[in-house]
Amino acid sequence: MQTIDNRRALVTGCAGFLGSHLSERLLADGYEVVGIDCFTDYYAREIKESNVARLREEPRFTLLEMDLSSAPVEGLLEGIDEVYHLAAQAGVRGSFGDSFELYVRNNVQATQRLLEQAARTPVEAFVYASSSSVYGNAAVSPTPEDAPRQPISPYGMTKVATEDIADVYHRNHGVPTVGLRYFTAYGPRQRPDMAFNRFIRNALAGKPIAILGDGMQVRDFTYVEDVVDGTRAASARGRAGAVYNIGGGQPVTLMSAIEMLGQLLERRIVVEHRPAARGDVRNTGADSRLAGSELGVTPSVALVEGLAAEVEWMLDTGSRHVATSPISAPIAA
């Protein structure tokens, strides 16, 4: 692999699921990486610490523990070539009610403050994470980027706001923003509140899996390495001001995915159906033709391969990844 030396990247949310994978890829490509994370209590800190354990051993990695929504950020981008803004308050259901304030602060305000720094200290690329949640219950699937944004959760609304504020800074200040609408990422280090992580743990423990709704919801699950590929390509080839879908290309029903897990684990999985939750969309499916033509990326990891990798990771980590979040897992990021 050809490496790029003497380049510096800033990765926010570096201790999270996607951020830790991206940081490792950048280091492997020869970058110096400055990682930022505020270690929110959305899930156990020890899980995030395990995510960055390998990164901490790298001399070209620097970890800054800070809250982008409130900490001083002046000069943060001095000497930075590329920004990858993945930090966010995750979770669809948790965004309802009084906790909405956290979503506004961590998803919108933090993004605006970082964009303000990019306007003052120009960078070559500013890639930020959006979500398939901006589409809500899309009328068309696979869903193209020009489909109406009609979120059905406060979380999805904050991602729409993130896209809009990025567009403001692109138009007014020329910040080279590129947005990525991720479709339900999964794989090793997946957050403990997310579906596959929770399903695998319950199945391994011989416990039933709780499904909200009938299980016929369709999701376009995207393996983490395909997400990283798309994110890196967005920095190198993304069109400033554009937004791209990053999807797995194999939409399946939730029950089909659970059946696949049962085959991988060689055991029968018991499913308990519970009432559908507010904020969960019925179907997601990425029309990824724009990412294919402009970024040059297509998903390469089949769902069964990605699930096998996540199962292997969970078997290796054992009981260290114990969820502290609600029992019913979200199925969309």
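Any value given below was found using the heavy atoms of this structure, including those in side chains, with hydrogens, waters and symmetry copies removed. Quick caveat, the model's predicted, so the values are computed rather than measured.
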Of all the heavy-atom pairs spanning Gln217 and Gly213, show the shortest one and how long it is.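 Where Gln217 meets Gly213 most closely, the heavy atoms are NE2-CA, 4.3 Å.
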Test: [X] and [Y] ion pair at under 4.0 Å:
X	Y	answer
Glu65	Arg45	yes
Glu24	Arg189	yes
Arg7	Asp29	no
Asp214	Arg282	yes

Once rounded to the nearest 0.5 Å, what's the spacing between atom [atom1] of [X] and atom [atom2] of [Y]?
X	Y	atom1	atom2	answer
Ile200	Ile258	CD1	CD1	11.0 Å
Leu68	Asn106	CG	CG	9.0 Å
Leu22	Glu225	CG	CD	10.0 Å
Asp67	Arg105	CG	CZ	6.0 Å

Please list, chain by chain and in numerical order, all residues satisfying salt bridge (Lys or Arg N to Asp or Glu O under 4.0 Å) with Arg239, sequence neighbours excluded.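 Result, salt bridge (Lys or Arg N to Asp or Glu O under 4.0 Å) vs Arg239: Glu294.
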Taking only residues two or more places apart in sequence, or in another chain, which ones meet Arg289 in a salt bridge (Lys or Arg N to Asp or Glu O under 4.0 Å)?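 Testing Arg289 for salt bridge (Lys or Arg N to Asp or Glu O under 4.0 Å), a comparison that skips the adjacent residues, returns Asp287.
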Flag, side chain of [X] to backbone of [Y], donor-acceptor distance under 3.5 Å:
X	Y	answer
Ser153	Gly156	yes
Arg201	Pro192	yes
Gln190	Ala185	yes
Ser141	Thr143	no
Arg8	Val33	no
Thr62	Arg60	no
Glu145	Asn245	yes
His170	Val175	yes
Thr284	Asp220	yes
Thr12	Ala87	yes

Return the set of residues passing side chain to side chain donor-acceptor pair (under 3.5 Å) with [X] (not counting sequence neighbours), or none when no residue passes.
X	value
Thr253	Ser256
Arg171	Asp167
Asp229	Arg25
Glu163	Ser130, Arg149, Arg181

Pairing residues for [X] by the ring-ring contact (aromatic ring centres under 6.0 Å, His included) criterion, not counting sequence neighbours:
X	value
Tyr103	none
His173	Tyr169
Phe61	none

Step by step, would you call Asp37 with Lys48 a salt bridge (charged side-chain N to carboxylate O under 4.0 Å, His left out)? CA-CA 9 Å; Asp37 209 287; Lys48 291 188 175 182; 3.7 Å; yes
According to side chain to side chain donor-acceptor pair (under 3.5 Å), does anything in residues 299-311 pair up with another residue at least two apart or in another chain? List the pairs.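 Sorted result for residues 299-311: Asp226-Ser300.
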Would you say the ring centers of Tyr155 and Phe100 fall short of 6.0 Å from each other?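 Between Tyr155 and Phe100, the centre distance exceeds or equals 6.0 Å.
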Intermediate values then yes/no, side-chain hydrogen bond (donor to acceptor under 3.5 Å, both in side chains), Ser235 and Tyr84: CA-CA 8 Å; Ser235 174; Tyr84 298 88; 3.2 Å; yes
Return the set of residues passing side-chain contact (heavy atoms from CB on, under 4.5 Å) with Pro208 (not counting sequence neighbours), or none when no residue passes.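 If we apply the side-chain contact (heavy atoms from CB on, under 4.5 Å) test to Pro208, skipping adjacent residues, the hits are Val270, Glu272.
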Of all residues at least two apart in sequence or in a different chain, which pass the side-chain contact (heavy atoms from CB on, under 4.5 Å) check with Ala277?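 Only Arg93, Leu212, Asp280 meet the side-chain contact (heavy atoms from CB on, under 4.5 Å) criterion with Ala277.
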Taking the six-membered ring of Phe17, is the NZ or CZ of Arg191 close enough (under 6.0 Å from the centre) and on axis enough (within 45°)?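 No - Arg191 does not lie over the ring of Phe17 by the 6.0 Å and 45° rule.
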Could you walk me through whether Phe221 and Phe183 pass ring-ring contact (aromatic ring centres under 6.0 Å, His included), step by step? CA-CA 6 Å; Phe221 295 105; Phe183 280 69; over 10 Å; no
Determine whether Tyr186 and Asn197 satisfy the following criterion, side-chain hydrogen bond (donor to acceptor under 3.5 Å, both in side chains), listing intermediate values before the conclusion. CA-CA 8 Å; Tyr186 74 101; Asn197 184 306; over 6 Å; no
Side-chain heavy-atom pair Leu63, Leu55 within 4.5 angstrom cut-off: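 Leu63 vs Leu55: side chains apart.
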Would you sort out whether Asn51 and Ser20 count as a side-chain hydrogen bond (donor to acceptor under 3.5 Å, both in side chains), showing the intermediate values? CA-CA 6 Å; Asn51 289 344; Ser20 60; 4.5 Å; no
